[in-house]
Amino acid sequence: MDDQILVINCGSSSVKMAIFSEQGEQLHSALAERLGQSGARLVPDQGEPVALADNAGHREALETSIRWFRDQGYLDAPVAIGHRVVHGGEAFHGAALLDERVIQAIEECSSLAPLHNPVNLAGIEAARELYPGVPQVAVFDTAFHQTLPRHAWLYPVPRRFYDDWGVRRYGFHGTSHQYMAEQAADRLGKTVAQTSIISTHLGNGCSITAIRNGESVDTSMGLTPLEGLVMGTRSGDVDPGLFDFLAGKGIEADETHRLLNRESGLLGLSGTTSDMRNLLREADAGNQDCQDAFEVFCFRLARYIGAMMVSLETLDALVFTGGIGENSDRVRARTLEHLILPGFVMDETANRDHGRDTNGRIDAPESRFAILVIPTREEAVIAREAATVAAERARDKNMSN
Ligand code: ADP
C-alpha cells in the first residue's frame, strides 16, 4: 500500500476522518456522528453505516473507525496524521508537530474555544495512543490569520481585556481561506505572494477574509466563530447592547450564548431551517420569513465584501467557496446585485454553471474584478501540511543522526 496520511477532524458530536495518498488524493473518508447520543454511527463514503455503541465518545468512535478502515483494507500504518485544531491563539502561526509542549499550548487555548479545543485534544490523545510512532501534526483554523495587522485585530474595549485575557480578533476557517489564495493564484497564473483576493467561505459557518499578497489582513470571525456574517444557526454581528437588553428580560448569559449560536442566523430568521437549500425551496413556495432570511444573508455578505476592500490596495479576485458559495448561484447573484458601485459584474451563464466550464471564472467581461467559484478542500490542506511537517521532522532527525 502506498504511503497514506490520515486526517482527523473532531467536532462537538462528530469525527470526520479521511485518508489521503501522499500525492494529496483523497482515497476514503468516513463520518462518525451522533457521538455521546443514542444512535451513534459511522457513515463511510462508500457502503452501509456501521452502528457504534450507544453514547460512544470520540475515542471509541476513532478506535472503531480506524479498525473498520483497516478491516476494509483501506488503511495500513499512516506516515503522518493531521489533526484539525480550531484555536491556536497567538502561539501558532502555522502547523505544528504534536509533542507535550504543543499539546499544553493547545490546552491553554481551550478557554478561548471551550466547545472545540477539548474535543480536538480528545482526538489527538486517542490517535497518539493508537499510533504511538507516527508523527502527528496540528493544523489550526486560526494560524493563517496571525498576519492580521494590529489595527485589524484589536477590539476597541478596555485594554486589559487583551492584556489579561487575550481578547482580540483571531479569525477562523484559515485552512480554507489559505487554500483559496493558492487556488486563485493558480487560476490567474500568478504566484500566491502576488495575489490579493477577498475569500468568502459560506457553509454552515460563514466567514470572509481579505488576503493581500498571500497574507490574511482582515477577517470577519473574531474572538470566537460567532462574529461576522449571517450563518446557518449563528447570528454573526449583532448590537452588543442586545446582551444587556436580554439580561433585562431575564435571559442569562449562557442562554444568550445558545440562542445566538444555535437558534439564530438563517434558522432564527426563517423559523424553520438553517439549510440554504431548504430555505430557498420554502422561499420559492412563498414563505416570507425564508425570503427575509435569504435577503439578510446576501445583503450582509455584500456589505462585508465592501468592507474587506478597505484592507487591499489591489484586488485580483472575489472568491466564493463552501457549500453555499460553491453551489448557490442565487446567493452569488443576489449578493453581487448589491455591489454594482465597486464594479463587480457577473456572467449569468457562467454563474449558473458554477464556473465549471470557465476554470471557476463567473465574471462578465465588463467586471472590474475577476469573480471565482472554487471548491474548498480543507481536509486535503490538513493532509498536505501534516505530510510537510512530518517530512521536515524526518529530515531533521536524519541530519542529527
Ligand atoms: P459545513 O460548514 O458544515 O462544512 P457545507 O460547506 O457543506 O457545511 O455547507 C452547507 C450549506 O451549503 C447548507 O446550507 C446547504 O444547504 C448549502 N448548500 C449545499 N448545496 C447547495 C445548493 N445547491 N444550493 C444552495 N445551498 C446549498
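Whatever order the structure lists them in is the order used to number ligands and atoms, beginning at 1. All values reported here derive from a predicted model rather than from experimental measurement.
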Fit a plane to each ring of His87 and Tyr170, take the angle between them on a 0 to 90° scale, and name the class: parallel (under 30°), tilted (30 to 60°) or perpendicular (over 60°).
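The rings of His87 and Tyr170 stand perpendicular, inter-plane angle above 60°.
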For the residue pair Phe140 and Phe92, categorise the inter-ring angle as parallel (less than 30°), tilted (30 to 60°) or perpendicular (more than 60°).
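The arrangement is parallel - the two ring planes meet at less than 30°.
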Rounded distance (nearest 0.5 Å) linking atom CZ of Phe299 with atom OH of Tyr304:
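Rounded to the nearest 0.5 Å, the CZ-OH separation comes to 12.5 Å.
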What is the minimum heavy-atom distance between Leu42 and Ala30, and which atoms define it?
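Here Leu42 and Ala30 meet closest at CD1-CB, 3.8 Å.
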[X]-ligand 1 polar pair, N/O distance under 3.5 Å:
{"X": "Gly323", "result": "yes"}
{"X": "Lys16", "result": "no"}
{"X": "His201", "result": "no"}
{"X": "Ile324", "result": "yes"}
{"X": "Arg277", "result": "yes"}
{"X": "Met276", "result": "yes"}

Take Phe369 and Phe344 through the test ring pair (Phe, Tyr, Trp, His ring centres under 6.0 Å) and record every step on the way to the result.
CA-CA 6 Å; Phe369 307 106; Phe344 292 95; 5.0 Å; yes
Residue, atom name and distance, where the atom is the protein heavy atom closest to [atom]:
{"atom": "atom 3 (O) of ligand 1", "result": "Asn204 ND2, 2.8 Å"}
{"atom": "atom 25 (C) of ligand 1", "result": "Ser328 CB, 3.6 Å"}
{"atom": "atom 16 (O) of ligand 1", "result": "Asp275 OD1, 2.6 Å"}

Using a strict 4.0 Å cut-off to heavy atoms of Asn327, name the atoms of ligand 1 that fall inside it.
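Atoms satisfying the 4.0 Å criterion: 19 (C), 20 (N), 21 (C), 22 (C), 23 (N), 24 (N).
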Does the side chain of Ile198 come within less than 4.5 Å of Ile208's, by heavy atoms?
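Yes. Closest side-chain heavy atoms under 4.5 Å.
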Test applied, salt bridge (charged side-chain N to carboxylate O under 4.0 Å, His left out); reference residue, Glu295; option that passes from Arg330, Arg300, Arg334:
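Option passing the salt bridge (charged side-chain N to carboxylate O under 4.0 Å, His left out) with Glu295: Arg334.
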